[in-house]
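See structure below.
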2 protein chains.
Amino acid sequence: MKSDKISEAVVRRLPIYLRYLTELLKREVSTVSSQELGQRLDLNPAQIRKDLAYFGDFGRKGIGYDVSYLIDKIRHILKLDQQINVALVGAGNLGQALSNYNTYIKDNMKIVAAFDSNPKKIGNKISNTLVVQPIEQLNETVQNLNIRIGIITVPDIEAQRVADLLVGAGIEAILNFAPTILKTPPHVRVHTADFTTDLLSLAYYLENGEDHVDND
Amino acid sequence: MKSDKISEAVVRRLPIYLRYLTELLKREVSTVSSQELGQRLDLNPAQIRKDLAYFGDFGRKGIGYDVSYLIDKIRHILKLDQQINVALVGAGNLGQALSNYNTYIKDNMKIVAAFDSNPKKIGNKISNTLVVQPIEQLNETVQNLNIRIGIITVPDIEAQRVADLLVGAGIEAILNFAPTILKTPPHVRVHTADFTTDLLSLAYYLENGEDHVDND
DNA sequence: TAGATTGTTAATCGATTAACAATC
DNA sequence: TAGATTGTTAATCGATTAACAATC
């Protein structure tokens, strides 16, 4: 077992392993090799072995990895062996879309509260179980329900203000869908899920429709 | 001016520069230095200078970058000086959310058609201008409207089938929101926008709520 | 001119991949 | 035993950062 600082790149691959392993489990596959994993996930087998070896000796030489055992281990590493409560701030279209993914997020991570600042939206049901609360109630609810992660799906201009609220309420991590670089204290982890960046950068890779000249 | 192979990391930063520069333009700031950009965007100034220098000498020593000029240049690099048409496949909650972002995507990239396989959704209006078409019409519409990018917001199991359809219709790039590794020919660029990965990996960085023991 | 800031080279840092002994 | 596959070290590759001459 190693215990250096684990790189972000490694951590981001863990959920990808977890998802595919869960699929294998459902198909009652009991063992898998780094080779097979790599083929399916478009990753180098050595990289997969190395990633996993950071956390322990989970495999068996000559055999591979026990699917069910590895799932348990990764879930533990990701702290998903306990339920993690999540707050959604912003009950617009995107927020609503995410709340419906609750079913997919069967990994012990659950959106347990939704907030919006628009009075018209307060009291609305989004998804089967979530009722939109006024944002003024965020602090109290976060503490009562032991919410540890916040998802921000509000418009750009409100994002920083919401982040401050979440941080003030004691949240530990934020998933930010607004295209803003949030300023947060160092103990709060922020991941940015900005699809406009993904989309616009795609254009770069299009075939040049126009002339292909090197103008200065 | 350089002209090696540009790394993916560089290309992904271009839209980030573009967005902030646009904000500066709106505020009538005419010049900006790599230092200021770096501060605001949480990036190393040297990295910003290097990124931009791959494409040309856009700055002026002792002065910085002309905001308006740099915007034009980046838009050109990203091929956003022409309109890029986009198709949305999957008119569920997420697809609907994205179609409303059309206003935000003022950068000449526009969702011009939406498709779904669910007969109940055909004919529905999503966003102000988009009417959901049956997926059988995808091939024809993509060709008629010169659509070059496809966004996949269908359930996991349908994602690969839809990708095949898009590729068959001659699309050049795909933004995939389904948590599936798509198999596509090498000339088709695929970006994955999988927020479940972002969300689950956040859990890793939470403070250990449980005991902090190194069990084997 | 003096101060500021670029473009670029060299140095550093980090991540991926290859290779292979250990061993099931 | 022979074949397969891990865990890990070493080699490679690529990306970030520091430093500075050029110059506005």
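Residue numbers begin at 1 in each chain, while the letters A, B, ... track the order of the sequences. This one's a predicted model, so the numbers in the text were calculated from it and none came from an experiment.
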Choosing from D:dT8, C:dC24, C:dT16, which nucleotide comes nearest the side chain of A:Ala53?
D:dT8

Is there a donor-acceptor contact under 3.5 Å from the side chain of B:Arg148 to the main chain of A:Glu207?
yes

Taking the side chain of A:Ala46 as heavy atoms from C-beta outward, which of D:dT17, C:dT17, D:dC24 is closest to it?
C:dT17

Can you tell which of C:dT16, D:dT16, D:dA15 lies closest to the side chain of B:Arg13?
D:dT16

From OH of A:Tyr65 across to P of D:dT6 the rounded distance in Å is 5 Å

Rounded to whole Å, please give me the gap between CG in B:Asp66 and P in D:dC24.
16 Å

Starting from the 5' end of DNA chain D, give me the residue, A:Lys61 or A:Lys50, whose nearest nucleotide shows up first.
A:Lys61

A:Glu8 CD to D:dA15 P: how many Å, rounded?
16 Å

Measure from the side chain of A:Gln47, starting at C-beta and using heavy atoms only, and say which of C:dC24, C:dT16, C:dA15 lies closest.
C:dT16

Nearest listed nucleotide, side chain of A:Arg49, among D:dT8, C:dT17, D:dC20:
D:dT8

Any strand counts, and the cut-off is 3.5 Å on both contacts for Watson-Crick or G-U wobble. Which nucleotide pairs with C:dC13?
D:dG14

Stepwise side chain to side chain donor-acceptor pair (under 3.5 Å) test for B:Arg19 and A:Thr197:
CA-CA 9 Å; B:Arg19 174 157 46 227; A:Thr197 298; 3.3 Å; yes

Answer yes or no: does atom CD of B:Gln160 have more than 12 heavy-atom neighbours from other residues, nucleotides or ligands under 6.0 Å?
yes

Which base sits across from C:dA22 as a Watson-Crick or G-U pair, both distances under 3.5 Å?
D:dT5

Without swapping roles, check the side chain of A:Gln83 against the backbone of A:Lys110 for a donor-acceptor pair under 3.5 Å.
no

